[in-house]
Amino acid sequence: MKILIIGGGGREHTLAWKLFQSPKVKKIFCAPGNAGTASLGENVSISAEDIPSLLEFAKKNEIDLTIVGPEMPLVAGIVDVFEKAGLRIFGPKKEAAMLEGSKAFCKEVMIKAGVPTAEYVEVTSLDQIESVLEKFDKAAVKADGLAAGKGVLLCNSKEEIKQALQKILGDKAFGSAGNKVVVEEMLEGEEASILGFCDGKNVKIMVSSQDHKRALDNDEGLNTGGMGAYSPAPVVNGLEERIRKEIMQPMLDEMQKRGTPYKGILYAGLMINNSEIKVIEFNSRFGDPEAQCVLPKLKTDLVEVIEACIDGNLDKIDLQWKKESACCVVLASGGYPEAYEKGEIIEGLENAKAFENVIVFHAGTKLDGEKVLTSGGRVLGVVGLGSDIKSAIDTAYTGVSQINFNKMHFRTDIGKRALER
Ligand code: AMP
Ligand code: GLY
């Protein structure tokens, strides 16, 4: 098979790495890819958002299966466009991807499906501020649409809520993504992610994981796309079946009832407080860097799983997982998530890869002759695998210690929470 992966981050290198192991796969293209995907296949210099050019490429190169990494093309309807052209593609159609594309829509579906989530109100005008402040002392204030992971403001006072609404609705800080705002009750607990393969009717959940969103150790600093992850997340232990039955399956049932069945990856961001589980959000794709911890543990051929999702017979698949733990440490450019330099030379990649149980996934990297240069905020994800979480963490940081580039920045406490349990 010829496969086209859309995207160019750590998640997409991980997908390419896993798909490369399938005997069914003859060739992998990645658009636009990075230096990591270039070592497994061929990069195509088309942006992940340029749907017409991606379609043309897929037709011309007789791609058998396209796999979409990021949310933007999904929400823009790439799956609808490819399917209309008779091409096989993995991901939710536009109306189903709205679970990530609109937080207000997602809330409405959750309520209908009886899925536990934070209390909320929808706000479209600054005139509503007073009624919002009557209801909440603290709140998560969220731009409705896609805002590259930056659209959530956590407010610890009425004054902060007011400022957040002003920023989103008044100053249009997130453009039209903020035409509508979801204001919700602040949840307490520990976060974890559960991802599921979905075929429209059935869902098979993956092993759990936990992301580290803040830039600095001890969860300080700005929110990022994710600075590291580990799997499994002990906070989820024993709750998996409840999450499948009370959260994932009801969402699929509700989407099917609406005539917009959900096929693809459904990602639940959860807040767990003792045995109480609430959904913070759903995403319509693999998490990044969660994928880097989860996919290396999947024993089953990923092509078989994806084909079963597309064909609607996921119930025939027996997902098999390695028992190991995994830890992924993200190496970022100095300054990320704010302004940072690109073009720094990355050293030590071969040394890191030489360690058993270390996998180095590329994110913002590019090739320059023999050299590998930084080309984004999150540059690499160094994964360690081990028989328990401690050895996975130690292995990941052993890999990290081999790598260097000017102003390289990473967290030193990935997985600490799991160790503390
Ligand atoms: P989201 O983009 O919805 O994942 O939100 C980004 C981050 O904000 C989440 O990972 C949580 O850490 C935090 N967050 C979002 N909603 C809430 C909430 N209702 N209560 C507490 N924290 C939240
Ligand atoms: N790591 C969080 C996300 O992929 O949305």
Side-chain angles (χ1 to χ4, degrees), residues 7 9-12 14-15 68-72 74-75 97 99-107 110 116-121 135-156 160-161 164 168 174 177-178 181-195 206 208-215 219-231 233 235 265-273 276-295 328 330 332 337 361 363 377-378 381 411 414 417:
R11 164 183 49 211
E12 287 76 21
T14 311
L15 283 165
V68 190
E71 64 276 18
M72 274 290 215
L74 291 169
V75 172
L99 287 181
E100 176 161 8
S102 163
K103 293 196 188 288
F105 172 73
C106 186
K107 287 297 248 189
M110 279 194 259
T117 185
E119 294 269 333
Y120 78 109
V121 291
K135 200 170 159 70
F136 298 101
D137 295 321
K138 296 197 257 176
V141 178
K142 307 182 173 188
D144 179 57
L146 292 181
K150 299 195 180 80
V152 175
L153 304 171
L154 299 178
C155 303
N156 283 307
E160 282 179 25
I161 298 174
I168 303 177
F174 306 112
V181 177
V182 167
V183 180
E184 65 178 39
E185 160 205 12
M186 196 77 104
L187 297 174
E188 313 237 321
E190 190 174 332
E191 283 180 61
S193 310
I194 286 279
L195 283 66
M206 303 183 211
S208 64
S209 55
Q210 191 174 64
D211 188 12
H212 296 60
K213 289 220 161 76
R214 300 293 197 95
D219 293 329
E220 286 171 15
L222 295 171
N223 254 336
T224 69
M227 291 299 290
Y230 61 85
S231 169
V235 65
I265 303 296
L266 185 61
Y267 164 138
L270 306 170
M271 187 71 92
I272 300 176
N273 200 345
E276 188 182 63
I277 312 166
K278 286 193 175 168
V279 177
I280 295 178
E281 61 168 353
F282 281 105
N283 292 323
S284 56
R285 52 174 172 81
F286 277 105
D288 186 343
E290 288 94 328
Q292 287 86 316
C293 284
V294 169
L295 286 175
C328 172
V330 170
F361 290 121
R378 293 191 291 174
R411 278 181 62 158
I414 303 301
R417 218 184 253 130

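Each ligand, and each atom within it, is numbered from 1 in the order the structure gives.
- Taking every non-hydrogen atom of E184 and a distance limit under 4.0 Å, the qualifying atoms of ligand 1 come out as 16 (N), 17 (C), 18 (C), 19 (N).
- Residue E100 does not touch ligand 2, judged by heavy-atom distances below 4.0 Å.
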Begin from the C-alpha positions of H212 and V330 and carry the test side-chain contact (heavy atoms from CB on, under 4.5 Å) through to its verdict. CA-CA 10 Å; H212 296 60; V330 170; over 6 Å; no
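- Considering both main-chain and side-chain atoms, E281 never comes within under 3.5 Å of ligand 2 through any nitrogen or oxygen pair.
- Among all heavy-atom pairs drawn from I272 and A192, the shortest one is CD1-CB, 4.3 Å.
- Closest to atom 4 (O) of ligand 1, if we only count protein heavy atoms, is E281 OE2, 2.6 Å.
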Could you walk me through whether R411 and D219 pass salt bridge (charged side-chain N to carboxylate O under 4.0 Å, His left out), step by step? CA-CA 9 Å; R411 278 181 62 158; D219 293 329; 3.1 Å; yes
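- Near E290, the atoms of ligand 2 lying under 4.0 angstrom from a non-hydrogen atom of the residue are 1 (N), 2 (C), 4 (O).
- Counting atoms of ligand 1 from 1 in the listed order, those under 4.0 Å from a heavy atom of I280 are 3 (O), 15 (C), 16 (N).
- For atom 20 (N) of ligand 1, the nearest non-hydrogen atom of the protein is L187 N, 2.8 Å.
- Of all the heavy atoms in F136 and E185, the pair that sits closest is CE2-N, 3.4 Å.
- For the ligand labelled ligand 2, residue P289 lies inside the 4.0 Å heavy-atom shell.
- Between N223 and V152 there is no side-chain heavy-atom pair separated by less than 4.5 Å.
- Closest protein heavy atom to atom 2 (C) of ligand 2: D211 OD2, 3.3 Å.
- In this structure, the side chains of I280 and K142 come closer than 4.5 Å at one or more pairs of heavy atoms.
- Residue K213 approaches ligand 1 through these ligand atoms, each under 4.0 Å from one of its heavy atoms: 10 (O).
- The closest approach between G287 and ligand 2 falls below 4.0 Å for a heavy atom of the residue.
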Yes or no on side-chain contact (heavy atoms from CB on, under 4.5 Å) for Y230 and R417, after CA distance, side-chain angles and deciding distance? CA-CA 10 Å; Y230 61 85; R417 218 184 253 130; 4.0 Å; yes
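- Salt bridge E184/K103: absent, no basic N to carboxylate O contact under 4.0 Å.
- Remark: side-chain polar atoms of Q210 are not paired, donor with acceptor, to backbone N or O of A233 under 3.5 angstrom.
- Contact analysis puts K103 in contact with ligand 1, with a non-hydrogen atom separation below 4.0 angstrom.
- The contact set between ligand 2 and N283, taken as ligand atoms under 4.0 Å from a residue heavy atom, comprises 5 (O).
- Here CG of D288 is found 6.5 Å from CD of E12. Values are rounded to the nearest 0.5 Å.
- Some N or O of G225 is nearer than 3.5 Å to an N or O of ligand 2, by distance alone.
- Residue, atom and distance of the protein heavy atom nearest to atom 5 (O) of ligand 2 are R285 NH2, 2.8 Å.
- Considering only non-hydrogen protein atoms, atom 16 (N) of ligand 1 sits nearest to K142 NZ, 2.9 Å.
- If you check which protein heavy atom lies closest to atom 5 (O) of ligand 1, you get V152 CG2, 3.4 Å.
- Ligand 2 does not have R11 within reach: every non-hydrogen atom of the residue lies 4.0 Å or more from it.
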Run the side-chain contact (heavy atoms from CB on, under 4.5 Å) check on V181 and V141 step by step: do they pass? CA-CA 7 Å; V181 177; V141 178; 3.6 Å; yes
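- Under a 3.5 Å cut-off, the side chain of D144 and the backbone N or O of A104 do form a donor-acceptor pair.
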side-chain contact (heavy atoms from CB on, under 4.5 Å) between M186 and L154: does it pass, once the steps are laid out? CA-CA 8 Å; M186 196 77 104; L154 299 178; 4.1 Å; yes
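- The protein non-hydrogen atom at the shortest distance from atom 9 (C) of ligand 1 is E191 OE1, 3.6 Å.
- Ranking the protein heavy atoms by distance from atom 22 (N) of ligand 1 puts L154 CD2, 3.9 Å first.
- Listed by atom number, the atoms of ligand 1 under 4.0 Å from A140 heavy atoms are 16 (N), 17 (C), 18 (C), 19 (N).
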